[in-house]
Amino acid sequence: MKERWIWPGAELGPMRLLDELAARGFSVLRGDGAAALAPEEAARAPWSFAERLLGARPLLVERQPIKAVPGGRSFAASSVAAPLHTDSQCFAGAPPAVQIMACVRPAERGGGCLLLDGWALLSTIERADPELFHALFTVYRRIPFVFGDFFGPTVSLRGGALSFTHAPVVPPGDAIAAHLAGFIEASRREMIELSLGAADILVVDNRRMLHGRRAFEGGAREFVRLLVWTEAQLPSPPAYRALAAQVAEAAARRVAAAPPATRRRLGLGAPPPPEARRRLGLVLEMLRGVPPGVLAARERIPEPQLYRLRDAALAAAEEALAGDAEGAEDGALAEAIARMSRG
């Protein structure tokens, strides 16, 4: 595979990886023989694995095995073809910045990974169908996924980053998604297909690239998928970002009176103060097992303060979960979307 490169180590590896993500939206690499970048390490210690690759501590990491199991009904747990889509489950109102796919073993037949550049797709649509292009940025709507519903435009600012959102299955009655699916189908020539081998690592700009998979035979195919939220943002087309920012500013004014949970799920919530984000990061590190002494030395704060932060965060979580664990109800979201559509 021409795209594959060998990891050169912690000094140069993250820089090259980020350069490739900025240039084309994905990168395929193989570890340098060290166990630290083996797929088994991604399963055992996902946070450390992501930090080694990206060269920075992540805000959050979600791990999931991608392996067909008897009776599996999701794409992750079956051998059927997975249509092109994005992974758009949100943390703090934003989808993951990066998807990491570490190959434990490939399928016996089939199972190729599929990628399509969302920014290039938008450029095509902008030229061919200005009306659809405008709707992709401006129409707030429900986009259903297996992990739950996403509410917002196809292209929007999320956590300050431009994000493309597309579900693998077009919902009934969604004319925008159906029209977009037609453009995706017509872009098959631009689609990238990768056949990954054992120990290969595919890293994808998840807010830019649509990804999918060919059907496969032989139930041994297994990957470790990491979804990674980061503080740093990968680049996006400035004109598209400016348009999304303009739309978000107008939408935020229309729903200013909506509950905070509703605004957050629409991607219109106020960003958290940097210090609050930093403290939450410390709590998450404690919860995943980083020794408090290590954190205290690194951050130059007393250990008792770390324990107070952890207790405060868990008490706030407990209080929130004692009420409506669903957060913003779909009815409130539907009302907010209707208000925006009325202008």
Side-chain angles (χ1 to χ4, degrees), residues 46-47 50 54 57-64 74-76 84-100 118 136-137 139-169 171 174 177 204-211 225-234 236 241 244-245 247-248 251-252 255 258-274 276-277 280-281 283-284 287 313 316-317 320-321 323-334 336-337 340:
W47 288 72
L54 300 172
R57 285 192 300 274
L59 297 173
L60 187 71
V61 178
E62 177 186 314
R63 176 188 59 197
Q64 179 169 340
S74 69
F75 295 120
L84 290 167
H85 63 284
T86 56
D87 286 340
S88 299
Q89 47 267 63
C90 287
F91 165 64
V98 171
Q99 182 201 72
I100 299 170
L136 292 175
F137 281 82
V139 178
Y140 280 73
R141 64 191 204 283
R142 169 182 168 269
I143 304 176
F145 287 87
V146 68
F147 58 78
D149 293 342
F150 178 97
F151 290 87
T154 293
V155 186
S156 61
L157 279 186
R158 293 278 169 164
L162 191 67
S163 300
F164 195 113
T165 303
H166 182 66
V169 178
D174 189 335
V204 177
D205 180 345
N206 182 66
R207 295 168 179 167
R208 167 180 176 178
M209 306 293 288
L210 286 75
H211 65 272
R225 185 193 72 183
L226 304 182
L227 299 179
V228 186
W229 287 258
T230 63
E231 193 73 55
Q233 299 175 9
L234 292 166
S236 57
R241 180 184 173 84
V247 171
V255 297
T262 298
R263 298 199 304 272
R264 184 166 55 250
R265 285 189 66 184
L266 290 168
L268 302 173
R277 176 62 63 83
L280 176 59
V283 170
L284 291 174
L287 294 178
L321 294 174
D324 178 14
E326 297 297 324
E329 295 182 354
D330 288 356
L333 284 160
I337 289 174
M340 284 186 285

- Task: Taking R263 for its side chain and A258 for its backbone only, find out whether a donor-acceptor pair lies under 3.5 Å.
- Result: yes
- Task: Check whether any side-chain heavy atom of R142 sits under 4.5 Å from a side-chain heavy atom of D174, and report yes or no.
- Result: no
- Item | Spacing of CZ belonging to R208 relative to OG belonging to S163, to within rounding of 0.5 Å | 13.0 Å
- Note on the structure: Note: L227 and W229 closest approach over all heavy atoms is O-CZ3, 3.6 Å
- Considering all heavy atoms, the nearest P153-L136 contact: CB-O, 3.4 Å
- Message: Over 60° means perpendicular and under 30° means parallel, so tell me whether F147 and F145 are parallel, tilted or perpendicular.
- Response: parallel
- Query: Any donor-acceptor pair under 3.5 Å linking the side chain of T86 with the backbone of H166?
  - Reply: yes
- Between D87 and E62, is a side-chain contact (heavy atoms from CB on, under 4.5 Å) present by the stated rule, with each step listed? CA-CA 11 Å; D87 286 340; E62 177 186 314; over 6 Å; no
- Minimum heavy-atom distance R63-P46, with the two atoms named: NH1-CD, 3.7 Å
- Task: Could you tell me whether the side chain of R277 reaches within less than 4.5 Å of the side chain of L59, counting heavy atoms only?
- Result: yes
- Task: Kindly say whether A232 contributes a backbone atom to a donor-acceptor pair with the side chain of T230 at under 3.5 angstrom?
- Result: yes
- Item | Donor-acceptor contact present, side-chain R158 to main-chain L266, <3.5 Å | yes
- Message: I want to check something: taking the side chain as every heavy atom from C-beta on, are F164 and D205 in contact at a cut-off of under 4.5 Å?
- Response: no
- Query: What are the two closest non-hydrogen atoms of P58 and V228, and how far apart are they?
  - Reply: CB-CG1, 3.6 Å
- Item | Separation between CD of Q99 and CE of M209, rounded to the nearest 0.5 Å | 10.5 Å
- Task: Of all the heavy-atom pairs spanning I143 and G152, show the shortest one and how long it is.
- Result: CD1-O, 3.9 Å
- Query: Of the non-hydrogen atoms in T262 and A336, which two are nearest, and what is the gap between them?
  - Reply: CG2-CB, 4.0 Å
- Message: Using a 3.5 Å distance criterion without hydrogens, assess whether the side chain of H85 forms a donor-acceptor pair with backbone atoms of H211.
- Response: yes
- Query: When rounded to the nearest 0.5 angstrom, what distance separates CZ in R241 from OG in S156?
  - Reply: 11.5 Å
- Message: Keeping N206 on the side-chain end and P95 on the backbone end, is there a donor-acceptor pair under 3.5 Å?
- Response: no
- Under a 4.5 Å cut-off applied to non-hydrogen side-chain atoms, are Y140 and L268 in contact? yes
- Message: Under the criterion side-chain contact (heavy atoms from CB on, under 4.5 Å), I'd like the reasoning laid out for W47 against L284: C-alpha separation, chi angles, the key distance, then a yes or no.
- Response: CA-CA 11 Å; W47 288 72; L284 291 174; 4.3 Å; yes
- Query: Would you say the side chain of R265 lies within less than 4.5 Å of the side chain of L333, judging by non-hydrogen atoms?
  - Reply: yes
